[in-house]
Each structure stands twice: as structure tokens, then as C-alpha cells.
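Let me begin by presenting the structure, written as C-alpha cells, before commenting on it.
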Amino acid sequence: MSFLKKVLAIVEKDIAAELHTKEMVSAMLVFSALALLIFSFALDLRGEVAEAAAPGVLWTTIAFAGTLGLSRSMAREEQSGCIDGLLLAPVDRTAIFFGKVAGNLLFTAVVEAALLPLFSVLFDVALLRPRIFLVLALGTLGYAVVGTLLAAIAVNTRAREVMLPVLLLPLAVPVLIGAVRATGGLVEGATLTEVAGWIRILVVYDLVILAVSLLTFSYIVEE
Amino acid sequence: MEERGMRHSRRDVLGLLLAGVSGLLVIVALGMVFLYAPREVTMGDVQRIFYFHVASAWVGFFGFFVTFAAGIGYLITARRSWDIVGLSSVEIGLTFIIMTVITGALWAKPVWGTYWTWEPRLTISAVQLLIYVAYGMLRASIESPEREARFAAVYGIVAFVTVPLSWFAIRWWRTIHPDVLTGGEGMAITPRMVQTLLTSIAAFTLVYATLLRQRMRLERSADALTRLQLRVERERSFS
């Protein structure tokens with residue numbers, strides 16, 4: 001089996017499990033809708049306020065919904081004993097890592113695909129633009145990579161689900177700042193070159209964190 | 001095992017020497033801060049906190065760098081001594097980062113009129129503070145010592161790598177810090193000030209080394225104690 005096939009097999013497994021239970025994506029979706037509701041109460045999101053707050057609200061919602069999905073995805077591996085099976089299989093550790101990242105990316109993308117139109121309709125902010133999709137993709141990638149790595153750590157601690165956001169959020173500071181700034185600029189009608197600095201930060205973060213995660217992931221799952 | 005216990009009770013010459021020299025240097029630095037360094041023109045005496053503020057920020061960052069390096073060392077060799085370096089250095093780094101945030105707030109109040117500003121250097125210190133508090137919580141919530149060391153090493157590495165990126169992102173986001181050494185807005189810097197700053201940094205770095213040595217000895221003693229307790233239990237269960 002080629003490397004890519006192994007990765008795809010793991011993603012397929014995650015999709016099959018998710019289609020069977022539907023617990024992860026549905027929880028993330030409902031949570032996102034609730035977050036929008038709470039934010040609209042808390043910040044009175046109308047008119048100019050909505051446009052100014054939109055990038056922050058959007059990324060906060062994605063970040064928090066993301067931690068839900070990430071910890072669920074790893075907890076499922078542990079509870080079903082599936083991770084042991086994966087580790088026994090003649091598969092490279094990096095293939096397991098890429099598989100989990102791809103699965104998490106996919107589920108987050110599904111949630112974002114629902115979140116963005118909902119957000120645009122509810123708060124009348126034009127988020128459905130290809131440029132914003134690019135920022136969304138870059139930000140989500142970095143978040144999913146570091147999140148998958150840390151979820152594999154958190155699932156083996158006593159505090160489990162509580163541990164993940166504590167570990168993840170301070171390390172995601174560059175992604176969150178970069179993504180919020182870039183999205184904010186684009187919402188206000190800036191061109192891609194005008195927010196190129198922020199996009200560069202996102203790209204560099206993605207590359208650096210991907211490299212470090214690939215180097216360290218095998219140490220987390222070794223038993 | 002007795003030998004190991006004995007070695008710890010013997011007098012630690014290097015430790016004593018470090019403690020003595022760093023204590024002396026701290027006194028010298030204090031003297032320079034208050035007597036040798038000139039009074040800053042616009043900020044007045046408040047600015048004297050700068051020497052210890054910068055020195056503790058440096059030691060905090062350096063402490064986390066040592067943990068990063070020790071993490072790599074641990075993952076390669078799987079030796080407990082690297083883990084001890086890592087955990088000791090984080091604790092000391094945290095102490096100094098807390099000092100950085102507090103002295104920064106004390107400085108900000110008279111100069112900018114508020115205790116907290118979302119100024120890049122202050123913000124990155126706060127981010128580091130939260131990262132390494134999380135590191136401590138991670139260690140505390142893992143039962144197996146071997147796994148604790150392994151996970152802490154990975155987290156120490158990944159966390160440290162994000163710090164420079166956070167720094168650039170935050171600096172881009174906000175900038176009102178006095179650009180001290182390049183002489184931008186803010187402070188007029190004289191050679192005496194630079195000498196005082198360098199002395200403070202040297203003093204604080206030596207304090208760091210002293211504390212690191214003591215903290216590592218403490219951890220080794222704790223390990224030795226655990227081993228002895230295990231042996232006592234084993235012997236008791238035989239008799």
C-alpha cells in the first residue's frame with residue numbers, strides 16, 4: 001500500500017465511524033450555532049458592530065468548536081481501542097498522523113461550510129468570498145495540525161477533555177491573530193496583497209508546526 | 001543506593017560558589033541600578049525598574065529555551081536527567097516571567113497611565129506565562145512518570161517553537177513599546193545605562209544557574225527518596 005492509500009484508509013475509517021454515530025459533526029454544528037446566538041446577545045451584533053466583530057466571533061467559534069471535535073476524535077480512538085490496532089498495523093506513524101489531521105480538517109470544513117452562510121445571513125456580513133476561503137483554509141490547517149498533536153497528548157491525561165483547550169489555545173495564538181486580522185481586512189474590502197503579511201504568518205505557522213508535529217508525533221503514541 | 005544518598009548530603013561546592021557569586025553580583029547590580037546609572041530624562045526614577053524587568057524577561061525566555069533543548073535531549077536519549085533539567089528550568093522561567101509581567105505593569109502605570117497595555121513585549125510574556133502554566137498542568141495530570149517526561153518534552157518543544165511566531169504576530173498587531181536599545185521613541189540611552197543593564201542580566205543569569213542547580217538536586221533527592229521508600233516497602237513485605 002502506498003503512503004497516500006494508508007492515509008486515505010484512516011480518513012475513510014474516521015468518516016465511516018462518523019457517519020455511523022454522527023456525534024462529532026452534529027455536536028460541533030450545534031455548538032457553533034449556539035456560540036453565534038450567545039455572541040449576538042453578548043455583543044449586540046448589528047450593522048457596523050457586526051462587521052467589526054465578525055472576524056473575531058467567527059474564529060473564536062471555529063477555535064472552540066474545533067477543540068470539541070479534536071478531543072472527541074482522539075477519545076474515540078482510545079475508547080474503542082482503535083489506536084492500538086493502528087499502532088500494531090504495519091503503517092508509518094506519520095501516516096496515522098496525516099490521517100487523523102485530514103479527518104479533523106474534513107469535519108471542521110463541514111462545520112465551516114455550514115457556519116459561514118449562517119453567519120452571513122444572520123449578521124449580514126459578506127463572508128462568502130473566495131479570498132476568505134483561502135484564509136479559512138490556511139488557519140484551519142494550522143489549527144487542526146497542532147490540535148491533533150495536542151489532542152493525542154490530552155487524551156492520555158487524567159483531565160482529558162479539559163486539558164486540550166488549556167494546552168492548545170496559547171500555542172494557537174499566531175493562527176488566531178493572523179486569521180482574525182486577515183479575515184478582518186478582507187471583510188473590509190482589502191485585496192489579498194494588502195493582507196499578505198498576515199497570510200504569510202499563517203503559511204509559516206502551518207509549515208513550522210507541521211514539521212515539528214511530524215518529528216514529535218511518534219514519541220506521543222509510542223507505548 | 002547508599003552511595004547516592006551520601007553524595008547528596010555532602011557539601012555541594014559548585015552550588016555554594018554559584019550562590020555566593022550570584023548573590024554578590026545581584027548586590028553589585030542593585031548598586032549600579034540606584035547609584036551608577038543616570039536618572040532617565042523623561043521617565044525619571046521609574047525607569048530604573050527597566051534593568052530588572054529586561055533581565056527577568058531574558059531569564060524567563062532563556063529558561064524556556066533550556067526546556068526546549070532538554071526536551072530534544074530527552075526524546076533522543078530517554079534519560080531522566082534531561083527531564084529533570086526541563087522541569088526545573090520551566091519552574092524558574094515561570095517565576096521570572098511572572099516578575100517580568102509584574103515589573104512591566106508597575107512601569108506601565110506611571111509612564112503610560114495604565115497597569116496593563118496590550119503592548120507586544122508585555123503580551124508575549126503573558127502568552128509565555130500561560131503556555132508554561134499549561135506545561136505544569138500537563139505534567140501534574142499524567143500518572144506514569146515515563147509518559148509524563150515524554151509528553152512534557154514534546155509540549156516543551158512545540159510550545160517554544162510557537163513563541164517567535166506569536167511574537168511577530170503580536171508585534172504586528174500592536175506597537176507602543178519604547179524601542180530601548182535602538183534609541184527610537186522613548187528613552188535616551190547612555191553607556192552607563194548599557195553597563196548597568198548588562199550587569200543586571202549577568203546577575204540574573206547567575207541567579208538562574210544557582211536556582212537551576214538547586215532545583216535539580218532537589219528533584220534527584222526526591223527520586224532517591226522514592227527509591228528508598230520502595231526498597232523499605234519491599235523488605236517489609238518479605239519479612
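Chain letters run A, B, ... following the sequence lines, proteins first, then strands; residues in each count from 1.
The 12-atom threshold is exceeded at CZ of A/F31, counting heavy atoms of other residues, nucleotides or ligands nearer than 6.0 Å. More than 12 heavy atoms of other residues, nucleotides or ligands shown are found within 6.0 angstrom of CZ on B/F52. Within a 6.0 Å radius of CG in A/D124, no more than 12 heavy atoms belonging to other residues, nucleotides or ligands are found. Other residues, nucleotides and ligands contribute at most 12 non-hydrogen atoms within 6.0 Å of the OH atom of B/Y115. Within a 6.0 Å radius of CZ in B/R79, other residues, nucleotides and ligands contribute 12 heavy atoms or fewer.
Residue A/L176 does not touch chain B at all, counting heavy-atom pairs closer than 4.5 Å. Neither the backbone nor the side chain of A/L169 comes within less than 4.5 Å of any heavy atom of chain B. Only the backbone of B/A140 has a heavy atom closer than 4.5 Å to any heavy atom of chain A. Residue contact with chain B, scored on non-hydrogen atoms closer than 4.5 Å, involves the side chain of A/I177 exclusively. For A/L215, no part sits under 4.5 Å from any heavy atom of chain B, backbone or side chain.
Smallest separation of non-hydrogen atoms from A/P174 and B/A169: CA-CB, 4.2 Å. Shortest non-hydrogen contact noted between B/L165 and A/Y205 is CD1-CD1, 3.7 Å. The nearest pair of heavy atoms linking A/I220 to B/R150 is O-NH1, 3.5 Å. When every heavy atom of A/P170 is checked against every heavy atom of B/I131, the shortest pair comes out as CB-CG1, 3.5 Å.
Taking CD1 of B/I157 as the reference point, atom OG of A/S213 lies at 11.0 Å (rounded to 0.5 Å).
Judged purely by atom type and a 3.5 angstrom limit, B/Y155 uses its side chain to pair as donor or acceptor with the backbone of A/L167. Formation of a donor-acceptor pair under 3.5 Å by the A/R158 side chain with backbone atoms of B/E143 is not found in this model.
Taking chain B as the reference chain and counting heavy-atom pairs below 4.5 Å, the highest number among A/V173, A/I201, A/L171, A/T216 is found for A/L171.
Of the candidates A/V162, A/T157, A/V166, A/V166 is the only one forming a side-chain contact (heavy atoms from CB on, under 4.5 Å) with B/M137.
In this structure, the side chains of B/W172 and A/W198 come closer than 4.5 Å at one or more pairs of heavy atoms. Residues B/V154 and A/I153 form a side-chain contact, since some pair of their non-hydrogen atoms from C-beta on lies under 4.5 Å apart.
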In sequence, state the C-alpha distance, the side-chain angles, and the governing distance for B/V158 and A/I209, and then conclude on side-chain contact (heavy atoms from CB on, under 4.5 Å). CA-CA 7 Å; B/V158 181; A/I209 218 69; 3.9 Å; yes
